[in-house]
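What follows is a short report on a single structure.
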Amino acid sequence: MAVSAVTAPFSALYADHVNPQWVHLLNLLEMNVSYQRCENAELITSEGTRIIDFLSGYCVHNTGHNHAHIVQALQDELGRCGPAMLQSHVSETAGELARRLCEKAGCELTKVFFCSSGSEGVEAAIKFSRAHTGRSGLLYAQKAFHGWTCGALSLMGDSFWSARFGPMLPGTQGIPFNDLNQLEQRLATREFSAFVVEPIQSEAGVILPAGEYLAKARDLCERYGTLLVLDEVQTGLYRTGAFLAAHHYRVKPDMVILAKALSGGLVPSGAVLMREEVYSSVYDSLKRAIIHTSTFSENGLAMRAGLATLDVLDHENLGTRARELGDLLRGRLREELCEFEMVKEVRGAGLLCGVEFQPPAQLRLRLPFEAFLRIHEGLFGQMLVMGMFRRGFLTQICGNHFMVLKAAPPLTVSEQQIECFVTALRDVVETVHSSKTFWTEALGIARRAVNI
Ligand code: PLP
């Protein structure tokens with residue numbers, strides 16, 4: 001099932017008026033294909049080739065692409081010509097969506113602020129934490145990914161994302177993930193309004209919290225008057241097998257940020273769930289009734305899509321499915337990949353899975369690998385992505401850890417698709433370890449990249 005890359009015909013216009021570098025990059029990786037139809041876990045190109053999605057738009061498509069129930073709900077919403085964005089009324093559906101989200105989240109989270117993206121959710125969490133605590137400092141875990149706005153960028157240790165966009169927010173501090181000592185040292189200064197952390201660090205390389213880390217972090221935050229804010233933008237909505245990853249670790253956050261999969265991959269949407277006291281300390285008078293809001297936040301389509309998405313997640317038991325298929329995926333990957341020296345670890349939770357690679361020991365492999373590193377530290381990972389794409393699978397490496405290939409298919413993926421993915425990845429990894437072609441081809445690509 002080799003995918004032949006036919007540059008999408010509309011690419012030239014896109015390059016002229018939007019982002020030429022993105023077009024160059026996709027062309028270089030032979031991934032600039034035109035998608036005709038996306039259904040469930042399958043992406044069908046204009047040439048009729050089927051590609052299985054193991055990226056899910058970075059955990060957007062938990063319910064699969066274009067789920068019929070969600071599409072129908074959106075068509076119904078459009079058809080009724082209701083108040084989509086009146087800005088002067090009480091939304092008919094926001095209350096119901098908020099109630100269902102809080103019910104599923106539990107953890108004493110009873111109020112919801114809706115927004116339109118994960119980054120916007122992070123911004124709200126920053127403002128609300130500051131207002132509630134009267135402190136300005138913000139703690140975050142190094143290698144985190146929280147988004148693209150200046151507030152979110154200020155909570156990310158990797159300067160790649162923030163360089164040239166500064167200055168960032170003052171008073172932020174990064175500490176290593178899974179390090180309770182450093183967390184306590186910082187919290188004890190009582191300068192911090194919030195500790196913002198992903199329960200499982202996704203772009204850092206699918207890093208799981210050690211033992212009681214999150215529960216103890218919660219206790220420490222409480223002791224020193226700092227709010228615990230969990231960024232569940234990728235991990236939420238059953239991605240890891242539970243509605244929130246927080247549920248695996250029995251941790252009760254003060255705030256949870258959701259986005260991505262919240263609206264079936266069809267309408268931008270985000271939600272910040274929080275405890276009553278946090279919310280009411282922000283909206284504490286008539287004068288402040290809309291002190292923080294956003295034009296598109298409670299729009300009719302996003303709310304309707306959110307409700308339909310929760311229906312699908314429940315009716316199709318996608319949490320259980322994510323747990324079972326995630327275990328299957330990791331089990332099969334371990335069986336097939338453990339013999340290869342460059343495969344360091346397979347890890348994850350539910351259908352958020354990472355395969356970590358490591359530098360080879362054999363001289364025959366080490367020399368080309370080091371040449372790759374000198375060109376770009378992401379080159380090796382991108383060659384894996386390209387190899388998988390040629391075999392009909394869309395994947396990506398982690399944004400803050402280029403040696404980890406992420407596997408996060410829609411939760412509706414089939415066992416057979418998982419088996420085919422494992423076979424394809426084994427084939428790619430075998431090629432890495434046994435064929436010169438892999439390395440020479442990559443060097444050719446790197447040379448072309450330099451010439452662009
Ligand atoms: N938080 C996490 C963990 C993310 O992965 C992302 C985006 O990838 C964001 C926040 C930002 O979300 P958005 O792109 O919707 O602004």
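Numbering of ligands and ligand atoms starts at 1, following listing order.
Below 30°, between 30° and 60°, or above 60°: for H292 and F113 the angle between ring planes is between 30° and 60°, a tilted geometry.
Each of L155, L153, T149 was evaluated against V122; a single residue qualifies, L155, per the side-chain contact (heavy atoms from CB on, under 4.5 Å) test. For the side-chain contact (heavy atoms from CB on, under 4.5 Å) with L262, the lone residue among T309, L237, V60 that qualifies is L237.
At the shortest separation from atom 7 (C) of ligand 1 among protein heavy atoms lies K260 NZ, 3.3 Å. Annotation: atom 15 (O) of ligand 1 to nearest protein heavy atom, G118 N, 2.8 Å. From the protein, the heavy atom lying nearest to atom 3 (C) of ligand 1 is F145 O, 3.2 Å. In this structure, the protein non-hydrogen atom closest to atom 16 (O) of ligand 1 is S119 OG, 2.5 Å. Closest to atom 14 (O) of ligand 1 among all protein heavy atoms lies W148 NE1, 3.0 Å.
Within the listing of ligand 1, atoms 1 (N), 9 (C), 10 (C), 11 (C) sit less than 4.0 angstrom from a heavy atom of H146. Under a 4.0 Å criterion applied to the non-hydrogen atoms of S117, ligand 1 contributes the atoms 15 (O), 16 (O). Within ligand 1, counting atoms from 1 as listed, the ones closer than 4.0 Å to a heavy atom of Q234 are 5 (O). Distances below 4.0 Å separate heavy atoms of V233 from the following atoms of ligand 1: 1 (N), 2 (C), 4 (C), 6 (C), 9 (C), 10 (C).
Residue Y224 qualifies as enclosed at atom OH: its count of foreign heavy atoms under 6.0 Å is above 12. The local environment of OH in Y14 is crowded, with over 12 non-hydrogen atoms from other residues, nucleotides or ligands closer than 6.0 Å.
A salt bridge is defined here as a Lys NZ or Arg NE, NH1 or NH2 lying under 4.0 Å from an Asp or Glu carboxylate O, and K406 with E203 meets this definition. Between E103 and R100 there is no salt bridge, since no side-chain N of the basic residue sits under 4.0 Å from a carboxylate O of the acidic one.
On a distance-only criterion, E198 and ligand 1 share no N/O pair closer than 3.5 Å. The shortest N/O to N/O separation between D231 and ligand 1 falls below 3.5 Å.
Residues E108 and R275 approach most closely at O-CG, 3.3 Å, considering heavy atoms.
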